[in-house]
Amino acid sequence: MKFFLDTANLEELKAGARWGIIDGVTTNPSLIAKEGVPLEDQIRRICDIIDGDVSAEVIATEADEMVAQGRELAKIHKNVVVKVPLTRDGITACSRLSRDGIRVNVTLCFSAGQALLAAKAGAYFVSPFAGRLDDIGGDGIGLIRDIVQIYKNYGFNTQVLAASLRHTAHVIEAAKAGAHIGTLPYKVIDGMFNHPLTDKGLDQFMKDYAKVFEVSSAAR
Ligand code: G3P
């Protein structure tokens, strides 16, 4: 399973990069706006920090505009994956960009039927939003499981990028469901490190070792 960071914040990206386990980045217009830097500039900076796929979303709702913007975004860096919404125009844009060899992430996917449309359009990634579906009483992880199964049935190459993952249990369940990628906010991946028994065990190891070697050096 690949881990992407779901953030446009450079400090979070630098901190995550140090762990050596981040395979890419996803952004969206809300995350870019939070950083207050125009899309193209921020994507360029992100590509300088993370050596992996970086999703950059078009700011358009009409197919021709999405295609034009997508082509420009793809020129920023070889790692850019153009992100389009799962609408009729988005799927049209995905088909056209994919035919040109530009990798596309189809986002805002909330049903297996929508995910089939994305695969048919040649999407490189499809992004089902687990948390937002759970928010309205749906089954976000069930959706991921269904998409993975359907893609397997037909040999679609589109990778399932589990998005809107809000906590560790979401990540584990998405992994069990077979998601190829999980995109995680910094605080979610940071939280995955924590276990009280790890802290307790490490504390004990340090104390035990220090006790013996303190005694030994005092005896010499
Ligand atoms: O990148 C989009 C997605 O991960 C959004 O997550 O928590 O805003 O639903 P959330």
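Starting from 1, each residue takes its place in the sequence as its number. When a ligand or atom number is given, it counts from 1 through the structure's own listing order.
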How about Tyr209 and Phe213: are their ring centroids closer than 6.0 Å?
yes
If the plane angle is over 60° it's perpendicular, under 30° parallel, otherwise tilted; pick one for Phe193 and Trp19.
tilted
What residue among Asp100, Ile102, Leu97 forms side-chain contact (heavy atoms from CB on, under 4.5 Å) with Val67?
Leu97
Distance dump, ligand 1 polar atoms to protein, N/O, under 3.5 Å:
| from | atom 1 | to | atom 2 | distance (Å) |
| --- | --- | --- | --- | --- |
| ligand 1 | 1 (O) | Asp6 | OD1 | 2.8 |
| ligand 1 | 1 (O) | Asp6 | OD2 | 3.1 |
| ligand 1 | 1 (O) | Asn28 | ND2 | 3.2 |
| ligand 1 | 4 (O) | Asp6 | OD2 | 2.5 |
| ligand 1 | 4 (O) | Ser164 | N | 2.9 |
| ligand 1 | 7 (O) | Arg166 | NE | 2.8 |
| ligand 1 | 8 (O) | Arg132 | NH2 | 2.8 |
| ligand 1 | 9 (O) | Arg132 | NE | 2.6 |
| ligand 1 | 9 (O) | Ser164 | OG | 2.7 |
| ligand 1 | 9 (O) | Arg166 | NH2 | 3.0 |

Would you call the rings of His167 and His170 parallel, tilted or perpendicular, taking 30° and 60° as the class edges?
parallel
Taking all heavy atoms of Gly182 and all of Leu165, pick out the closest pair and write down the distance.
CA-CD1, 4.0 Å
Matching residue for Ile43 among Ile76, Val25, Asp48 - test: side-chain contact (heavy atoms from CB on, under 4.5 Å)
Ile76
